[in-house]
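First comes the structure, then the notes that go with it.
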Amino acid sequence: MAGKTNDTEARIIATALETIKAHGSDAISLRQLARQVGLTTGAFYKHFASKDALFRALTVTLSNQWAAQMTTQLAAYQSAKEKLLILGEQLLQASAAQPHVIDFLFFNPQAVVQYSENADAADFPLLTLTKHLITATLAEAQSPIPAQQFFTQVWAFILGYALLIKNGAATYDRALLTKTLEEMLAH
């Protein structure tokens, strides 16, 4: 039975992610999603008790996918600062290529809760990776900036820049990302 449950949950998550990719998270209707995967609404709720529970599972899934992809890609770089730049670059480029997915990953309520200093980000490896790179970048630069403050600055820049890219108000510019990070480290 556990295998069948896991398969059903995987199908629900895959179908929900396809909906997000195509139309954004506002297009998620639990009733429609249940129908798409061949479940009654009652059966659906046995897998995810609420939209928040589904969104948490989706956020964890995306975070795991991104962290795995980035960990592999970042292995080719030596410095933490360069790794942080590559991570930012990939997220910003994805804002143009997959705007709904990145919007969901950054701004859905289950993701936003994880940004606080006291949040347990254990289920969100992309956030854990980002915070690790922040700490390592500060150590390399011998910067006295508190890690949480620097995380907030870097994350706010990436989120804001991603919104501009998503909405067509800006295009990705690596020189801007590099200069901004260097200016943040200088203060």
Side-chain angles (χ1 to χ4, degrees), residues 1-75 86-133 151 155-156 158-169 171-172:
M1 182 73 168
K4 188 170 186 161
T5 297
N6 290 340
D7 179 56
T8 301
E9 288 178 7
R11 283 188 341 201
I12 292 169
I13 289 171
T15 303
L17 286 174
E18 286 305 315
T19 300
I20 290 169
K21 284 178 187 176
H23 307 290
S25 61
D26 289 343
I28 298 281
S29 159
L30 298 186
R31 284 194 170 112
Q32 282 182 330
L33 193 55
R35 275 195 302 271
Q36 287 176 302
V37 295
L39 296 174
T40 65
T41 304
F44 180 91
Y45 282 110
K46 290 180 183 176
H47 298 280
F48 296 101
S50 65
K51 198 175 215 179
D52 281 346
L54 174 63
F55 277 19
R56 179 170 173 60
L58 291 166
T59 305
V60 168
T61 299
L62 286 170
S63 181
N64 281 316
Q65 290 172 352
W66 268 92
Q69 174 187 334
M70 291 312 307
T71 299
T72 300
Q73 190 171 352
L74 295 177
I86 296 300
L87 174 64
E89 179 173 69
Q90 292 301 308
L91 290 169
L92 291 167
Q93 288 176 342
S95 294
Q98 298 181 341
H100 296 307
V101 173
I102 296 302
D103 190 56
F104 178 80
L105 183 60
F106 285 166
F107 298 112
N108 86 76
Q110 295 301 310
V112 171
V113 167
Q114 298 305 312
Y115 300 152
S116 74
E117 188 171 0
N118 300 323
D120 177 15
D123 288 342
F124 299 89
L126 178 61
L127 190 57
T128 301
L129 173 63
T130 304
K131 288 185 174 188
H132 169 74
L133 292 175
F151 167 76
W155 203 243
I158 290 172
L159 296 180
Y161 197 12
L163 273 177
L164 292 171
I165 292 168
K166 173 189 169 232
N167 291 313
T171 56
Y172 174 69

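Position 1 is the first residue of the sequence, and the numbers go up from there. No experiment lies behind these values; they were computed from the predicted model shown.
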Problem - Inter- and intrachain pairs under salt bridge (Lys or Arg N to Asp or Glu O under 4.0 Å), touching residues 41-60, at least two apart - result: R56-D123

Practice task
Please round to the nearest 0.5 Å and tell me the distance separating atom CH2 of W66 and atom CD1 of I102.
Solution key: 4.5 Å

Problem - From CD1 (I86) to CG (L74), nearest 0.5 Å - result: 7.5 Å

Handout entry: Approximate separation, where rounding is to 0.5 Å, of W155 CH2 and L91 CG
Key = 5.5 Å

Output a table of donor-acceptor pairs, distance under 3.5 Å, between side-chain atoms of residues 17-45 and any protein atom two or more places apart or on a different chain; print 'none' if there are none.
unit_1	atom_1	unit_2	atom_2	d
T19	OG1	T15	O	3.1
S29	OG	Q32	N	3.3
T40	OG1	A43	N	3.0

Problem - Y161 side chain to A156 backbone, donor-acceptor under 3.5 Å - result: no

Problem - Minimum-distance pair of heavy atoms, taken over all atoms of V112 and F106 - result: CG2-O, 3.9 Å

Problem - Stepwise side chain to side chain contact (heavy atoms under 4.5 Å, CB included) check, I13 with F48 - result: CA-CA 10 Å; I13 289 171; F48 296 101; 4.0 Å; yes

Problem - Spatial distance of atom OG1 (T8) from atom CD1 (I12) [nearest 0.5 Å] - result: 6.5 Å

Fill in the blank from the handout: Only residue of L105, N64, T59, L62 satisfying side chain to side chain contact (heavy atoms under 4.5 Å, CB included) with L126 is L105

Handout entry: Sub-6.0 Å ring centroid separation between F104 and F55
Key = yes

Practice task
With rounding to the nearest 0.5 Å, note down the distance linking CG in L159 to CG in L164.
Solution key: 11.0 Å

Handout entry: Atom NE2 of H100 with >12 non-hydrogen neighbours under 6.0 angstrom
Key = yes

Exercise for the section: Return yes if some donor-acceptor pair links the side-chain N/O of N167 with the main-chain N/O of L163 below 3.5 Å, else return no. Expected result: yes

Problem - Exercise: identify the closest heavy-atom pair between A97 and P99 - result: C-CD, 3.5 Å

Practice task
With rounding to the nearest 0.5 Å, note down the distance linking CZ in F151 to NZ in K131.
Solution key: 5.0 Å

